[in-house]
Amino acid sequence: MVSNTADRDRVALAFSGGLDTTVCVPLLEEEYGYDEVIGVTVDVGQPEEEFEEAEETAEALGLENHVVDAKSEFARTCFDAVRANATYQGYPLGTALARPVIAQVILETAEELGCSALAHGSTGKGNDQLRFEAVWRGSDMEVIAPVRELGLTREWETEYAAERDLPVEGGDEGTYSIDTNLWSRSIEGGQLEEPSYVPGEEIYEWTQAPNEETDHLEITFEEGYPVAVNGTEMDGVELIEHLNELAGAHGVGRTDLMEDRMLGLKVRENYEHPAATVLLNAHEALEELVLTKDERSFKRQVDQQWAENAYQGLVDAPLVEGLEAFVDTTNEHATGTVTMKLEGGRARPIGRESEYAVYSAEAASFNTETVGDITQADATGVAKYHGFQDRLANTIRERAMERASAEVAADGGDDESTTRNE
Ligand code: ARG
């Protein structure tokens, strides 16, 4: 740990070791005049190689880089999203959910280290700049986005890196731009920018091609939070990793999407998210059992809005607090177990049980005549009223039409012969 001296102007940079954040290091010193850049890499479940890359690059740059583990916290955020059945245009929001967590950790680390500014390497075209800054601009820190502010392109960055002998992996930053965390692996760029391009199996890493194999899984929830798989309790990180593996083997959780970004750009995205798909589908199946019809339909609107805010990274909006109050009350009853079948790229519920089931087998059965003191015959009155207003409206409107055509007929009838003269 470095001493907390405020005599040097320090900036904390969201550092991944990729091209964008690597070129940001010298630029923050030279173009923005900071005495010291400190890297912060937040662990939200990226693959091991990414930490190695970050470490190697930091070392070569002489950058002090702090790696902070936020996996448990992020898993909790993913589960909050499950409780809100959250997807955006079919995407379970992996990158979107991670950004505020990362931004918050960087802010706290920067405060501990006596920094006066925060920087990220996001471009001016994407969503991430907005998500980072939605969190950071609530603090007193200066916010810097060198790539956006200096109008950098990837080509310029590659040349600059070569000139300065900066440690970036020689050109094979990869064909695709990939963002991986516990909840999803997102693949964009390269040939995928052509919406008609059909990607091959090689773009996938978490999912097998859907196959003949099938599997049954039991997911247990407590108040909407997933707590166990097949009866084995697991913490959030473990549970997500376990399901990513199990369901990924069946090709569960692939999404190919034309996504509408916040700034209005459409972008082709491919995602892998096996655990997210299993948990979201299972949780919805449990809600089907334990919520009333009206709770379910109102919750769909609440969930939709929650997901919109999550996509935008506006997670501290007062609205979200209100939405979460409803998500919390409804999830108080989402305790139970759902059996899922994994098959041919799909994860679907095939059984569910809960002590809160709003369900009476006796009431629904064809074999019983009464429910409490209600008998079948009591439904006759309901059946008579059912649709009463619609029938009334139809009758009144038909009569009005009949009257209107009778009047036309009485007026001398035949419309065609009555030519109007000025
Ligand atoms: N479009 C998604 C989002 O904004 C994911 C972006 C992930 N980034 C990437 N380089 N693949 O949440």
Side-chain angles (χ1 to χ4, degrees), residues 14-24 41-42 44-47 49-50 53-54 74 77-78 80-81 84 86-103 120-135 145 147-148 152-154 157-158 168-169 172-195 197 199 202-207 253-277 280 304 306-315:
F15 186 74
S16 70
L19 180 61
D20 291 317
T21 58
T22 299
V23 301
C24 282
T41 305
V42 182
V44 284
Q46 304 89 313
E49 313 88 76
E50 290 190 20
E53 190 192 350
F74 180 51
T77 303
C78 297
D80 287 335
T87 57
Y88 174 81
Q89 299 185 336
Y91 149 53
L93 294 161
T95 300
L97 294 171
R99 292 306 177 215
V101 174
I102 294 172
H120 63 72
S122 306
T123 71
K125 289 194 172 179
N127 293 322
D128 287 335
Q129 50 172 343
L130 305 178
R131 296 170 181 148
F132 275 122
E133 294 180 36
V135 175
V147 176
R148 178 182 74 205
L152 310 187
T153 61
R154 260 189 121 65
E157 290 176 6
T158 313
V168 283
E169 276 169 30
D172 89 298
E173 259 271 314
T175 350
Y176 301 111
S177 163
I178 295 176
D179 183 66
T180 310
N181 60 44
L182 275 178
W183 205 229
S184 68
R185 179 168 175 271
S186 127
I187 315 142
E188 61 182 31
Q191 285 169 292
L192 291 171
E193 285 178 359
E194 181 48 63
Y197 173 73
E202 73 281 356
I203 71 163
Y204 302 110
E205 267 183 24
W206 286 9
T207 53
R254 287 183 175 183
T255 303
D256 181 332
L257 169 72
M258 289 308 299
E259 180 175 311
D260 291 293
R261 280 190 188 159
M262 277 183 256
L263 296 178
L265 296 170
K266 275 192 192 292
V267 60
R268 170 83 172 288
E269 288 278 2
N270 273 261
Y271 294 104
E272 296 182 279
H273 41 78
T277 297
L280 287 163
Q304 174 68 31
W306 193 95
E308 288 286 337
N309 276 70
Y311 186 74
Q312 299 184 29
L314 298 177
V315 293

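Counting starts at 1 for both ligands and their atoms, following the listed order. None of these values were measured; they are calculated from a predicted model.
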min-distance protein heavy atom vs atom 10 (N) of ligand 1 -> S177 OG, 2.6 Å

Determine, considering heavy atoms only, which of E188, M262, R99 sits nearest to atom 9 (C) of ligand 1. E188

Is K125 paired with E188 through a side-chain N to carboxylate O contact shorter than 4.0 Å? no

Only heavy atoms of N127, strictly under 4.0 Å: list the atoms of ligand 1 that pass. 3 (C), 4 (O)

Using heavy atoms and a 4.0 Å limit, tell me yes or no: is Y91 in contact with ligand 1? yes

Looking only at non-hydrogen atoms, which of R261, E269, R131 approaches atom 3 (C) of ligand 1 most closely? R131

Atom 7 (C) of ligand 1: closest protein heavy atom, distance to 0.1 Å, is S186 OG, 3.0 Å

Any side-chain heavy-atom pair from E308 and Q312 closer than 4.5 angstrom? yes

If I compare all heavy atoms of G121 with all of V147, which pair ends up nearest, and what's the gap? O-CG2, 3.4 Å

Heavy-atom closest pair, residues P100 and V135: CA-CG2, 4.0 Å

For C78 against L97, the heavy-atom pair lying closest together: CA-CD1, 4.3 Å

Any N/O pair Y271/ligand 1 closer than 3.5 Å: yes

Would you mind listing which atoms of ligand 1 come within a distance below 4.0 Å of any non-hydrogen atom of E259? 1 (N), 2 (C), 3 (C), 4 (O)

Answer yes or no: is there a side-chain heavy-atom contact under 4.5 Å between Y271 and D256? no

